[in-house]
Amino acid sequence: MIGKFPAKLDDKNRLFLPAKLRGELTGNFFVTLGVNCGHRCLTVYTAEDWRLLSENYNRLPISQRGAATSLIFMNAAECEPDKQFRFTLTQNLLDFAGIRRDVMIVGRAGQAEIWDAEEFAAFEAENLTPEKLLASLEAIGL
């Protein structure tokens with residue numbers, strides 16, 4: 001998943017699924033708590049990635065199933081877009097990410113993120129530097 005897409009939350013806490021992400025988020029998908037460089041956001045997983053995440057969690061010994069890891073599952077929402085490609089976010093997810101009305105939906109390789117638009121602008125301004133871009137490219141092996 002790639003790109004960034006501005007959106008607005010409607011009065012029923014619904015967002016439109018961007019057309020460029022519809023092919024990758026077919027059927028049901030999952031939204032849960034997310035963090036990127038210390039900023040709160042929401043992370044969107046395909047059904048397949050959610051299944052793999054769940055399997056990895058279930059393989060952990062109970063002693064390693066910490067509260068923070070469990071919170072990812074406790075606060076998750078299974079989403080199924082309607083015929084207009086809208087999906088609903090729960091209030092607890094919106095509160096966690098500080099999402100009010102204006103939103104930025106961004107692709108992040110195998111997942112997507114949903115940000116409050118102002119928070120995303122701050123994140124982007126903080127991280128859109130030549131030094132940080134170079135460090136990111138080196139981290140992924142380029």
Side-chain angles (χ1 to χ4, degrees), residues 1-60 63-142:
M1 291 183 235
I2 61 171
K4 56 185 179 180
F5 311 94
K8 288 194 184 297
L9 196 65
D10 74 11
D11 293 337
K12 296 181 180 178
N13 293 343
R14 294 178 302 193
L15 283 174
F16 282 98
L17 188 60
K20 296 211 177 203
L21 298 180
R22 290 176 191 164
E24 296 176 78
L25 293 172
T26 58
N28 293 10
F29 55 89
F30 295 82
V31 179
T32 192
L33 311 175
V35 177
N36 194 329
C37 297
H39 293 265
R40 292 180 181 203
C41 61
L42 303 176
T43 302
V44 181
Y45 293 90
T46 65
E48 177 62 17
D49 282 348
W50 188 257
R51 184 186 64 74
L52 294 172
L53 188 70
S54 298
E55 288 174 0
N56 288 343
Y57 176 78
N58 288 330
R59 277 196 288 274
L60 290 173
S63 62
Q64 291 182 9
R65 294 182 193 179
T69 308
S70 298
L71 287 169
I72 292 168
F73 294 96
M74 289 179 208
N75 288 284
E78 185 173 3
C79 298
E80 182 175 4
D82 64 16
K83 291 178 183 177
Q84 287 82 36
F85 300 102
R86 296 174 301 191
F87 63 98
T88 303
L89 294 171
T90 61
Q91 191 61 52
N92 66 312
L93 288 173
L94 296 171
D95 292 344
F96 171 83
I99 294 172
R100 294 173 292 280
R101 182 154 174 83
D102 293 322
V103 172
M104 186 66 73
I105 302 172
V106 298
R108 192 189 76 187
Q111 289 88 37
E113 293 175 339
I114 303 170
W115 290 72
D116 173 75
E118 287 181 24
E119 185 72 10
F120 181 77
F123 163 80
E124 195 169 41
E126 177 185 314
N127 289 285
L128 197 54
T129 67
E131 298 79 18
K132 289 191 177 185
L133 288 171
L134 181 59
S136 296
L137 291 171
E138 289 174 350
I140 58 175
L142 295 179

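Treat the numbers as computed from the prediction; the structure is a model and nothing was measured. Just so you know, residue 1 is the first one in the sequence shown, and it goes up from there. Worth knowing before you read on, the calculation uses all heavy atoms, side chains too, and leaves out hydrogens, waters and symmetry mates.
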So which atom in [X] and which in [Y] form the shortest heavy-atom distance, rounded to 0.1 Å?
{"X": "Phe96", "Y": "Gly34", "answer": "CE2-O, 3.3 Å"}
{"X": "Leu33", "Y": "Thr43", "answer": "O-OG1, 4.0 Å"}
{"X": "Gln84", "Y": "Asp82", "answer": "N-OD1, 2.9 Å"}
{"X": "Asn75", "Y": "Thr32", "answer": "C-OG1, 4.0 Å"}
{"X": "Met104", "Y": "Pro6", "answer": "SD-N, 3.6 Å"}
{"X": "Gly27", "Y": "Pro81", "answer": "O-CD, 3.4 Å"}

Pairwise distance [atom1]([X]) to [atom2]([Y]) - rounded to 0.5 angstrom:
{"X": "Trp115", "Y": "Leu42", "atom1": "CH2", "atom2": "CG", "result": "10.0 Å"}
{"X": "Arg86", "Y": "Phe16", "atom1": "CZ", "atom2": "CZ", "result": "5.5 Å"}
{"X": "Leu53", "Y": "Ile72", "atom1": "CG", "atom2": "CD1", "result": "6.5 Å"}
{"X": "Leu94", "Y": "Leu9", "atom1": "CG", "atom2": "CG", "result": "5.5 Å"}

Next on the checklist: Donor-acceptor check, side chain of Arg40 to backbone of Val35, threshold 3.5 angstrom: yes or no?
Outcome noted: no

Item to check | Evaluation steps, side-chain contact (heavy atoms from CB on, under 4.5 Å), between Lys8 and Asp102 | outcome: CA-CA 5 Å; Lys8 288 194 184 297; Asp102 293 322; 2.4 Å; yes

Checklist entry - Glu48: what forms a side chain to side chain contact (heavy atoms under 4.5 Å, CB included) with it, not counting sequence neighbours? => result Thr46, Arg51, Leu52

Checklist entry - For Lys12, what residues pass the side chain to side chain contact (heavy atoms under 4.5 Å, CB included) criterion, not counting sequence neighbours? => result Asp10, Arg14

Next on the checklist: What verdict does the side-chain contact (heavy atoms from CB on, under 4.5 Å) test give for Asn36 and Asn127, after you've listed the backbone C-alpha separation in whole Å, the side-chain angles of each residue and the deciding distance to 0.1 Å?
Outcome noted: CA-CA 11 Å; Asn36 194 329; Asn127 289 285; over 6 Å; no

Can you list, pair by pair, the side-chain donor-acceptor contacts under 3.5 Å of residues 117-124, counting residues two or more places apart and other chains?
{"from": "Glu119", "atom 1": "OE2", "to": "His39", "atom 2": "ND1", "distance (Å)": "2.6"}
{"from": "Glu124", "atom 1": "OE1", "to": "Lys4", "atom 2": "NZ", "distance (Å)": "3.2"}
{"from": "Glu124", "atom 1": "OE2", "to": "Lys4", "atom 2": "NZ", "distance (Å)": "2.5"}

Checklist entry - Stepwise, does the side-chain contact (heavy atoms from CB on, under 4.5 Å) test hold for Phe5 with Leu21? => result CA-CA 10 Å; Phe5 311 94; Leu21 298 180; 4.0 Å; yes

Checklist entry - Quick one: does Thr90's side chain get under 4.5 Å of Asn13's, heavy atoms only? => result no

Checklist entry - So, Phe73 versus Trp50, ring centres under 6.0 angstrom or not? => result yes

